[in-house]
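Everything on this sheet refers to the single structure shown next.
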Amino acid sequence: MGPTTVVWGVAYSAFGLSCALSGTPVFHGGGVPASSTLNWFVVAVGAVAAVVGAAVVRYGLSPWLRVLLWTVCVLAGIAAFSLLMDLITLMFGQGVDSWVAATNHALAAIGVLLLTATARSRHRSPSGACAPAPSCAPARVQIAAAAGTVAFVPYSAMKLFWAFGGTFAGTSIEEILVISKRNGASEFWLTLESWGLDATVLLAALGVLLLWGLVRPWGQVFPRWTLLLHGRRVPRWLPMAPALIGAATLAPYGLLGIGYCALATVGAVTMRPGDFPSSGDALSVSWIGMTAFAVYGAALAIADRSYWLRTRPVGRVPAQAE
C-alpha cells in the first residue's frame with residue numbers, strides 16, 4: 001500500500017496547493033468559509049503522507065514510520081470531518097455548502113483508509129487463518145448499543161411529532177417544508193415529509209440497524225431475511241466502513257454541540273435562532289439532536305471496535321502429535 005499512499009499524498013497536497021494559490025477556502029464551518037490560510041494544512045498533510053509512504057517503500061515499515069502514519073491518519077481524519085453530512089444532503093438532493101469542501105472530505109477519507117492499510121500492512125493473517133464463528137459482543141458493548149438506540153428516541157419523537165402536524169419549538173410541519181424547500185431539498189425529501197415520513201428518522205432507523213448488526217451474530221453472517229445472501233459471511237469492511245465514518249463524524253459533532261449548548265444554557269454564548277422563532281427554541285432542538293448524535297456516535301465507535309476484534313481471522317490449531 002506504500003506506493004498508493006505516496007500517490008494519494010502527492011494528489012492531496014496538490015489539491016490543497018491549488019486551492020491555497022487560488023484563495024479558495026477548503027474548510028467550511030456552519031456554511032461559512034474558513035480562512036484560506038488553513039488550506040496549507042491540507043498541503044502539509046499530503047506532503048508528509050507522501051514522504052512517509054516513500055520511506056516505507058524504501059526502508060520498510062519501522063516502528064517510528066508506523067507512528068508517523070497513524071499521526072497523519074488522525075490529521076486526515078480531522079480533514080474528513082462532516083463527510084457523512086455531505087453524503088446525507090446529497091442523498092436527498094440538497095446541495096452541499098461547498099463542492100471544494102466536500103471534495104476535501106472525500107479525499108481525506110480515502111487517505112484515512114490508505115494510511116490505515118499501510119500502517120497495518122505487516123499485520124497479516126496467519127497461514128491457514130479462517131473467520132471465527134459468529135458471536136455476540138460482550139454485555140458492556142451491547143449496553144452501549146442500547147444507549148445509542150435510546151438516545152435517538154427523543155430525536156425521532158420530535159421529528160415524527162412535526163411530521164404528523166404537531167408544533168414544537170415554535171415550528172410546525174408547514175414551516176419546516178418551507179425551510180426545506182428554501183434550503184434546496186429534493187422533491188423526494190419534501191414528499192416524504194408531507195406523508196409524515198421524516199427522512200432523518202429513516203436514516204436514524206438504518207443507523208440503529210447498523211449498530212445492532214455490529215454487536216449481534218447476524219452482523220457476521222447474512223440472516224434469512226437477506227434472501228439470496230442468506231448464510232454467507234458478511235465482508236468485514238461492509239459494516240465497519242460506514243460505522244467508522246459515522247462514529248468519526250457524529251461523536252465529535254455531538255460532543256462539540258453539547259458543549260456549545262451547555263455554554264448557551266448558562267448564558268456564556270448566544271445561540272443563534274437560525275430557522276427557529278427564538279434562541280430558546282433553537283437551544284431546545286439542539287439539546288435533543290446533539291445528545292442523540294453524541295451518544296449514538298460513541299456507541300457506534302465502541303461497537304465497531306468490538307466487531308473488528310471479534311471478526312479477526314484466527315489460525316487453525318495444529319493437531320498435536322500423540
Side-chain angles (χ1 to χ4, degrees), residues 1-22 24 26-27 36-84 86-87 99-131 233-249 252 301 304-305 307-316:
M1 294 302 295
T4 308
T5 301
V6 173
V7 172
W8 173 83
V10 172
Y12 191 55
S13 185
F15 167 75
L17 182 61
S18 63
C19 292
L21 295 178
S22 64
T24 305
V26 166
F27 296 100
S36 57
T37 304
L38 292 176
N39 294 2
W40 294 103
F41 172 82
V42 173
V43 177
V45 169
V48 173
V51 171
V52 175
V56 171
V57 173
R58 178 67 177 82
Y59 302 106
L61 188 58
S62 62
W64 67 273
L65 285 176
R66 192 190 303 277
V67 171
L68 287 176
L69 283 170
W70 284 120
T71 302
V72 180
C73 183
V74 171
L75 295 176
I78 294 173
F81 181 71
S82 83
L83 172 63
L84 179 62
D86 294 337
L87 295 175
W99 281 106
V100 173
T103 301
N104 175 55
H105 298 154
L107 289 174
I110 294 172
V112 170
L113 297 177
L114 292 175
L115 290 162
T116 300
T118 305
R120 294 188 53 79
S121 58
R122 281 190 178 177
H123 294 278
R124 303 185 184 277
S125 301
S127 178
C130 60
R233 296 291 306 196
V234 176
R236 294 180 76 202
W237 61 266
L238 187 59
M240 288 182 63
L244 180 61
I245 294 173
T249 301
D304 201 31
R305 181 179 183 276
Y307 186 91
W308 172 64
L309 292 173
R310 293 178 2 257
T311 58
R312 286 183 299 181
V314 294
R316 293 187 177 89

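If you're wondering where the values come from, they're calculated on a predicted model, not measured in any experiment. What you see below is based on every heavy atom in this structure, not just the backbone, and it leaves out hydrogens, waters and symmetry mates.
Among all heavy-atom pairs drawn from Ala76 and Ala108, the shortest one is O-CB, 3.3 Å. Summarising the geometry of Ala49 relative to Gly9, their closest heavy-atom pair is CB-CA, 4.3 Å, with the distance given to 0.1 Å. Here the shortest heavy-atom pairing between Thr116 and Cys73 reads OG1-SG, 3.4 Å. The minimum heavy-atom distance between Gly16 and Asn39, with the atom names listed, is O-CB, 4.0 Å. Shown here for Ala247 and Pro252, the closest heavy-atom pair between the two residues is O-CD, 3.5 Å.
Remark: side-chain polar atoms of Trp8 are paired, donor with acceptor, to backbone N or O of Leu107 under 3.5 angstrom.
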Would you please test Cys19 and Val100 for side-chain contact (heavy atoms from CB on, under 4.5 Å) and show each step? CA-CA 9 Å; Cys19 292; Val100 173; 3.8 Å; yes
Verdict with supporting geometry, Thr5 and Leu115, side-chain contact (heavy atoms from CB on, under 4.5 Å): CA-CA 7 Å; Thr5 301; Leu115 290 162; 3.7 Å; yes
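Taking the side-chain contact (heavy atoms from CB on, under 4.5 Å) definition, one finds that Pro63 meets it with nothing, sequence neighbours left out. Under the side-chain contact (heavy atoms from CB on, under 4.5 Å) criterion, Trp64 pairs with Ser62, Leu68, not counting sequence neighbours.
Residues Val45 and Ile78 have side chains not in contact (no heavy-atom distance under 4.5 Å, counting atoms from C-beta outward). Here the side chains of Leu65 and Val52 are in contact, with some heavy-atom distance below 4.5 Å. A heavy-atom distance below 4.5 Å is found between the side chains of Phe41 and Leu75. Looking at heavy atoms from C-beta onward, Val43 lies out of side-chain contact with Phe15 at the 4.5 angstrom threshold.
Applying the 6.0 Å contact sphere to CZ of Arg236 captures more than 12 heavy atoms from other residues, nucleotides or ligands.
Distance check: Leu113 CG to Ile245 CD1 gives 7.0 Å after rounding to the nearest 0.5 Å. Taking CE from Met240 and CZ from Arg305, the interatomic distance works out to 11.0 Å, rounded to the nearest 0.5 Å.
Pairs engaging residues 11-22 under the side-chain hydrogen bond (donor to acceptor under 3.5 Å, both in side chains) rule: Tyr12-Asn104, Ser22-Thr24 [sequence neighbours left out].
Stacking of Arg312 on the aromatic ring of Trp308 is recorded, both the 6.0 Å distance cut-off and the 45° axial limit being met.
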